[in-house]
Structures are given as C-alpha cells and as structure tokens.
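What follows is a single structure, written as structure tokens, with notes after it.
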Amino acid sequence: MTERTFRVWRGSGENGELTDYTVEVNEGEVVLDVLHRLQATQVPDLAVRWNCKAGKCGSCSVEINGMPRLSCMTRMSVFGPDETVTVTPMRTFPVVRDLVCDVSYNYEKAREIPAFTPDPKTSPGDFRMQQQDVERSQEFRKCIECFLCNNVCHVIRDHEENKEHFSGPRYLMRVAELEMHPEDTADRRQIAQDEFGMGYCNITKCCTEVCPEGIRITDNALIPLKERVADRKYDPLVWLGNTIGRRPKDTPIVPNTRRPAEEE
Amino acid sequence: MLTTLGLAAFVVYATARVFQQDHYWVGEYHYLTPFYSPCLAAQCVPEASLFGRIPVEFPPLVPYALLSLPILLLFRVTCYYYRKAYYRSIWQAPTACAVQEPHRTYTGETRPLMLGQNGHRYFFYLVVAITLINTWDMAVPFFHGTDGGFGVGLGNIIMFVNVLMLWAYTLGCHSCRHVMGGRLKSFGKHPVRYWLWSRISVLNSRHMLFGWLSIATLMTTDFYVSLMASGTITDLRLFN
Ligand code: SF4
Ligand code: SF4
Ligand code: FES
Ligand code: FES
C-alpha cells in the first residue's frame, strides 16, 4: 500500500476547481478504484460515472493527466512513483458535476444520420452477407461509445462553434460503415461533407490514438469516407456525368433532428 | 519536432540539388538521379534523356525535370500521411492530441484553398506514371556495365532499393486503396478487387514508414549519383 496525491476536478457547470487529495493505492489497482476509494473514505459526494469496470461499457471516460482515457482501464502502475494523478472531466462536453459530463451532443449527432436503407423490394431474410463484408463493419462495431474520440478531436474540442456542423469521428465512422454496407441503398456522401463536416477533419489521427478499442478510425473510416466524398463532389468526370445525365439521389439528413435554433 | 526537421532537411537538400543543374548523370554506367528524371531540358546529356528533350535551353534555376517535380511535390503535399505530419508539426492544428491549439477559428479542409487536398487521387495517377519512368531509369544501368552488357554496381543496388521504396510508398496510397477496392460497397461480389484491396492495405498500414524510407532512399540515390558524377568517388562494381 502506498499513498498518492490525486488532483480531482470538483464542481458543476462552469464553476469548478482542482482539489488535492491524498489517498491510498494498492498494487494492481486502476484509476477508477482509487476514485471509488476517495468516494468511500473522503468525499462521498464525488460524482463519477462508471458501470462495467472492464472497458466495455464506455461510461468512465475522463482525462487523466491531460489525456482522454477510460479510468477503469488506466492502471496505477503507468505513473511514476511520486507522480500526481490529475483527473478532469472530458473537456469537449459540458460538465454536469465533478467528473460527469453531459454527452447529449453525441446522441443528437447519431440521430441525424439516415439509418440503414435496404432496397424496399427485399425483406429481412433475403440478405446473404459475405464474411469479408461483415469483417469490414465489424471493426467499427467494436465501438463502446465512450466518446473519447469525439472528445479529443480538436475540431470541436478547441472550437465550440464547429459543433453544429461536425459530427465527430464517432459518427462520421457510422456514416462510413453504412456507406460500406452491401445492402444499403442510400447515398450519404453529400451530407457527410455538407452536414456532418467530413471536410473539417484534417486526418491528424488523435481519435485513432485514444480509441480504447483500437479501432483504426482515421485509416479505415474517415479517409475512405473522404475518398467517397471526393468521388461524389470533387471528381470532374463524375460531375460531368451528373450534369448531363441523370443524377443519383442524395439522401438528406433525418428530418427534425436538428434543434430549431440550428435550423437556419 | 523531428518531423519538421526531417521535412526541412529534405526540402533544403532537394532544392539545392534540383536547381544546381549539374552532377545528375554518370555516363559510364548510365546512372540518372531521380531528381532529374525525366530530363527534359535541351542541355540534358542526350543519353540521360530517355524520353526525349524539349528543344528549349532551360535558363539557370529551372529544374531539368520540369514536368515530374511539381507533380511529385504536390503528390506528397496532398498525401494523407504528410498532411497529418505537417498539420501537426508546422501548422499546429493540433500541436498534439488533447493540447489546446493556437488558432482562434478552424475550418479544416473546407475552404477553397484546402479543397485542393481532395484532388490527391489525380496526383496519384500521374505519379504512378513517373514511378514507371523511375523504374525504367533503374533498369537501364543494369545493361551498361563496364565493358558494355550486363553489370551490377553499388549504384544499381541503391537505385533498385529506391525504386522498391517508391513503389511501396506510392501503392500504399489511400487513394490507391480506394480505387483498387475501397470504394466498393460489397467485397463479396468482387473477390479480385477484394484481394487487391487487402494487399494494398498491408502497404497502406505502413504508409508513414515507406514515406520516410522513400525520402531517405531518394536522397541517398541522388547523393551517390552526384558524388560519382562530380568524380568524387567511383562506383563500387560488384559484377562487370
Ligand atoms: S482524425 Fe479527424 S476526426 Fe479524428 S481527431 Fe483528427 S481531425 Fe478529429
Ligand atoms: S470509436 Fe473508439 S473512442 Fe470513439 S466512441 Fe467508439 S470506442 Fe470510444
Ligand atoms: S466502467 Fe465500463 S468502460 Fe470503464
Ligand atoms: S500518397 Fe500518401 S495517401 Fe496517397
């Protein structure tokens, strides 16, 4: 058993500050264990969100020494012997209290994406998907919705005003997944650029770096989606074909999903 | 930091060499540096210009490989890996993950100037052609040994490795991955393109590595050729 200084963000809304605590740490523990001990022994009102303690529910996202991480998957042994451990809530989302954020931004962005749209002439039993195609979207399906990727992305982390027109890596990845689905018939390339902000991403890969599931978000979802957008919007041959010929329909975003203030 | 230094070193070296208009050709073994390929100016050594010359004397400071260099430059500038590298290290957007960036507003690649990044694929197509030319340049000296005929020297090996790295870099391009199969909705229906896509994906996941390796081999090849061309050293012949 050793003692450790934990510097934890306390407070709600805009008002809050870092408070130091000295707390017991045992071998093999993770940051979440220590936060729980703090709660049990010193600050019963500390708000912490968690659920599975196994890196599978995506509830316990915080920033530890400035890096977005799951607190249940960050072992105490990664810190130097006398290092102070600073725990703050995710910076990109509004703080409800202490380490708990309001992550509704993410759910709003999720709702705007046109859902899987199979050919209306088919019925559910008709699909036979090949293993290769399953594997492709399987990678994205590993997502535990911890929102660390959306949190770290500088497009919205440092620029609140971009939130309106940028869905974050998590939901651009969802668009990419649907666009790669063999039985899907919608075309979300236009809205990926115009409504979901694919063009804001400058492929600097921080989302990939923080993803606890190791999903290669940038290489396998975002860049392929950028290439698809280029097919649709920046390819002169395609443009010519569309101008003289019949243009395939672009699918609009899901109606009534943007709040009225954002509608203009 | 290292990235900035690496890029700067390459830019400085390449600029110096490209504008030098000299020491690019070793007549004895038909070595041509990639920085002067294809050699287009009227002053190019005739044997060095494998693809013809324009009947115009290039004034000083105009690169002899006037056609290929800008394309190569734009290819690397719009490369998804180099974009990441210089957005982070030079433009500081973001400086590092989770570090506050120093810009007040940010529009990413949505404004007219930056929209050009979406044209990366066209540079890819052109660069495939240039890499074919480089491959030809690499093959020719094998048939110009000391007594004519087949021969191998250290220069051949260096050029061969360089071309290998150039292909590994070029074919690992994200645009290449896209056209080879990435753009498909269904892999199951296109087994051949799926196979191509999966091969390219192997190169693609090491794209950064090949990016730097190819820069290193380009500089090595050019440096070795320039040393020979200026008479500082002679080629180490392994066979004929
Ligand atoms: S790669 Fe794009 S989406 Fe991911 S963190 Fe960087 S800018 Fe954001
Ligand atoms: S993609 Fe990764 S980082 Fe993003 S929400 Fe899913 S699991 Fe978390
Ligand atoms: S508590 Fe479930 S991921 Fe950490
Ligand atoms: S060359 Fe790097 S992505 Fe195309």
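Lettering of chains follows the sequences in order, A, B, ..., and the numbering in each one begins at 1.
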Around atom [atom1] of [X], are there more than 12 heavy atoms from other residues, nucleotides or ligands closer than 6.0 Å?
X        : atom1 : value
B/Trp136 : CH2   : no
B/Trp167 : CH2   : yes
A/Arg91  : CZ    : yes
B/Met208 : CE    : no
B/Leu5   : CG    : yes
A/Phe127 : CZ    : yes
B/Phe160 : CZ    : no

Based on non-hydrogen pairs under 4.5 Å, which of B/Arg104, B/His207, B/Gln100 is most in contact with chain A?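 Highest number of heavy-atom pairs under 4.5 Å: B/Gln100.
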Option in B/Ala93, B/Ala96, B/Gly108 with maximal non-hydrogen atom pairs under 4.5 Å from chain A: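 The option with the most such pairs is B/Ala93.
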Contact class of [X] relative to chain B, heavy atoms under 4.5 angstrom:
X        : result
A/Gln131 : neither
A/Glu63  : neither
A/Leu222 : neither
A/Arg157 : side chain
A/Asn151 : neither
A/Asn162 : side chain

For [X] against [Y], the heavy-atom pair lying closest together:
X        : Y        : result
B/Tyr80  : A/Ile203 : O-CD1, 3.1 Å
A/Glu161 : B/Thr105 : OE2-CA, 4.1 Å
B/Gly182 : A/Arg136 : O-NH2, 2.7 Å
B/Thr110 : A/Gly199 : CG2-C, 3.4 Å
B/Ala98  : A/Gly66  : CB-O, 3.4 Å

Keeping [X] on the side-chain end and [Y] on the backbone end, is there a donor-acceptor pair under 3.5 Å?
X        : Y        : result
B/Lys185 : A/Glu179 : yes
A/Asp158 : B/His103 : no
B/Asn118 : A/Tyr234 : no

Once rounded to the nearest 0.5 Å, what's the spacing between atom [atom1] of [X] and atom [atom2] of [Y]?
X        : Y        : atom1 : atom2 : value
A/Asn202 : B/Tyr86  : CG    : OH    : 9.5 Å
B/Phe187 : A/Met180 : CZ    : CE    : 7.5 Å
B/Cys97  : A/Leu148 : SG    : CG    : 12.0 Å
A/Asp219 : B/Ser201 : CG    : OG    : 9.5 Å

Would you say B/His178 and A/Asp231 are linked by a side-chain donor-acceptor pair, where the criterion is simply a distance under 3.5 Å?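 The criterion, which ignores hydrogens and geometry beyond distance, is satisfied for B/His178 and A/Asp231.
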So what's closer than 4.5 Å to chain A heavy atoms on [X]: side chain, backbone, both or neither?
X        : answer
B/Val179 : neither
B/Arg111 : neither
B/Leu184 : backbone

Apply the test side chain to side chain contact (heavy atoms under 4.5 Å, CB included) to residues B/Tyr194 and A/Gln130: give CA-CA distance (whole Å), side-chain angles for both, the deciding distance (0.1 Å), then the verdict. CA-CA 12 Å; B/Tyr194 171 67; A/Gln130 303 280 325; over 6 Å; no
Would you say that [X] contacts [Y] through its side chain, given a criterion of any heavy-atom pair below 4.5 Å between the two side chains?
X        : Y        : answer
B/Glu101 : A/His159 : yes
A/Arg216 : B/Ser205 : yes
A/His154 : B/Tyr106 : yes
A/Thr218 : B/His174 : no

For A/Met198 and B/Glu109, what are the C-alpha separation, side-chain angles and deciding distance, and is it a side chain to side chain contact (heavy atoms under 4.5 Å, CB included)? CA-CA 9 Å; A/Met198 189 66 248; B/Glu109 303 186 333; over 6 Å; no
Under-4.0 Å salt bridge between B/Arg88 and A/Glu209: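 So B/Arg88 pairs with A/Glu209 through a salt bridge.
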Checking B/Arg121 against A/Glu227 for the salt bridge (Lys or Arg N to Asp or Glu O under 4.0 Å) test, could you report, in this order, the C-alpha distance in whole Å, the side-chain angles of both residues, the deciding distance, and whether it holds? CA-CA 9 Å; B/Arg121 55 184 58 185; A/Glu227 287 289 322; 2.9 Å; yes
